[in-house]
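Residues take their numbers from the sequence shown, with the count starting at 1. When reading the values below, keep in mind they use all heavy atoms of this one structure, side chains included, and skip hydrogens, waters and symmetry mates.
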Amino acid sequence: QPRRVFSAKDAFVRDCAFSPDSSTIYFLSDCGTGTDVWRARRGVKSLAWWENTGFACKRLTGDSESRTNLSVSPDGTMLAWGDCSGNVSVASTNGSLLALLPRDSTTRSYAWHPTSRMIAFAQRDSVANTDVWLARLPDLSLGKGRPVEISRSDCQNVSRHWAWDGSPAFSPDGKLL
């Protein structure tokens, strides 16, 4: 039988994503003033999700930004999301912003590399053609409390042709994009 994990008046919940070890569910909740990232954990860890009746939910962000397309990195240490302006942010699993991919209102999709050290994303190039770009995530501890801004010059355009390219995905071993 399904269990309600999160309940808030007039909240719309979407983009649910389990951590790789299934101990945590991350999700977006929109109560009309922005879309926040939340974390839910089982009340009794030894019981399966559907066997629990209590859950510990915590809001990880609290601002007016509208977020979408939430995902958890394959190693479970980071989150990523897009915003309504087409930008992609990378954060720790406590919601602290770590990195910003090149800002562009046309970014609609992205994918984690299996090692969690790279992100592929679809974005327009200088002639308004959508291409797939690859961003290597730097040592994110270098930001010292501020997010690291990854510039377009730090990314590689891996498709570079006149046809539309989008919705990047990696093979499970990460050798193919």
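Not one N or O on the side chain of Ser19 forms a donor-acceptor pair closer than 3.5 Å with the backbone of Gly76. Under the 3.5 Å distance criterion, the side-chain polar atoms of Arg117 are matched with a main-chain donor or acceptor of Leu137. Remark: the backbone N or O of His161 is paired with a side-chain donor or acceptor of Asn129 at under 3.5 angstrom. Judged by distance alone, with hydrogens and angles left aside, the side-chain atoms of Ser73 form no donor-acceptor pair with the main-chain N or O of Ser116 at under 3.5 Å. Remark: side-chain polar atoms of Asp30 are not paired, donor with acceptor, to backbone N or O of Phe12 under 3.5 angstrom. Side-chain atoms of Tyr110 come within 3.5 Å of backbone atoms of Ala80 as a donor-acceptor pair (strictly under, hydrogens ignored). A distance-only check finds no donor-acceptor pair linking the side chain of Trp38 to the backbone of Ser29 [under 3.5 Å]. Judged by distance alone, with hydrogens and angles left aside, the side-chain atoms of Arg67 form no donor-acceptor pair with the main-chain N or O of Cys84 at under 3.5 Å. Side-chain atoms of His113 come within 3.5 Å of backbone atoms of Gly174 as a donor-acceptor pair (strictly under, hydrogens ignored).
Using a 4.5 Å heavy-atom threshold, the side chains of Trp162 and Val127 count as touching. Residues Leu100 and Ile150 form no side-chain contact, since every pair of their non-hydrogen atoms from C-beta on lies 4.5 Å or further apart. Side-chain atoms of Leu60 and Leu79, non-hydrogen and from C-beta on, do get closer than 4.5 Å to each other. Looking at heavy atoms from C-beta onward, Pro102 lies in side-chain contact with Cys155 at the 4.5 angstrom threshold.
Heavy atoms only, all atoms of each residue included: Val132 and Gly166 are closest at CG2-N, 4.1 Å. Across every non-hydrogen atom of Pro147 and Ala99, the tightest pair is CB-N, 4.0 Å. Between Asp131 and Asn157, the shortest heavy-atom distance links the atoms OD2-ND2, 2.9 Å. Scanning both residues, Val44 and Asn52, for their nearest heavy atoms gives N-OD1, 2.7 Å.
Under 3.5 Å, the side chains of Asp36 and Thr61 contain a donor-acceptor pair of N or O atoms. With no hydrogens or angles considered, a side-chain donor-acceptor pair links Ser23 and Asp21 at under 3.5 Å.
Between Gln123 atom CD and Ser109 atom OG the span is 10.5 Å, to the nearest 0.5 Å. Rounding to the nearest 0.5 Å places CZ of Arg39 at 12.5 Å from CD1 of Ile25. A distance of 4.5 Å separates CG in Asp15 from CG in Leu28, rounded to the nearest 0.5 Å. The CG atom of Leu47 lies 8.0 Å from the CZ atom of Arg42; values are rounded to the nearest 0.5 Å. In this structure, the separation between CG on Leu134 and CD on Gln156 is 6.5 Å, given to the nearest 0.5 Å.
Residue pairs satisfying the ring pair (Phe, Tyr, Trp, His ring centres under 6.0 Å) criterion with at least one member in residues 39-84, sequence neighbours excluded, are listed as follows: Phe18-Trp49, Trp49-Phe55. Within the structure, the salt bridge (Lys or Arg N to Asp or Glu O under 4.0 Å) test picks out the following pairs touching residues 147-171 (sequence neighbours left out): Asp104-Arg152.
Applying the 6.0 Å contact sphere to CZ of Arg3 captures more than 12 heavy atoms from other residues, nucleotides or ligands.
Hydrophobic clustering of Ile, Leu, Val, Met, Phe, Trp and Tyr side chains at less than 4.5 Å, counting indirect connections, unites Val88 with Met78. Both Leu98 and Phe121 belong to a single network of hydrophobic side chains, linked directly or stepwise wherever heavy atoms of I, L, V, M, F, W or Y lie under 4.5 Å apart. Under the 4.5 Å side-chain heavy-atom criterion for Ile, Leu, Val, Met, Phe, Trp and Tyr, Leu70 and Val72 are members of the same hydrophobic cluster. Criterion: ILVMFWY side-chain heavy atoms under 4.5 Å apart, direct or through other members. Under it, Phe170 and Trp133 are not part of a common hydrophobic cluster. Leu177 and Met118 fall within the same hydrophobic cluster, where Ile, Leu, Val, Met, Phe, Trp and Tyr residues are linked whenever their side-chain heavy atoms come under 4.5 Å apart, directly or through other members.
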Inset, instruction - Begin with the C-alpha distance, continue with both residues' side-chain angles, and end with the deciding distance and a verdict on side-chain contact (heavy atoms from CB on, under 4.5 Å) for Asp83 and Arg103. - result: CA-CA 11 Å; Asp83 65 29; Arg103 295 296 198 186; 4.0 Å; yes
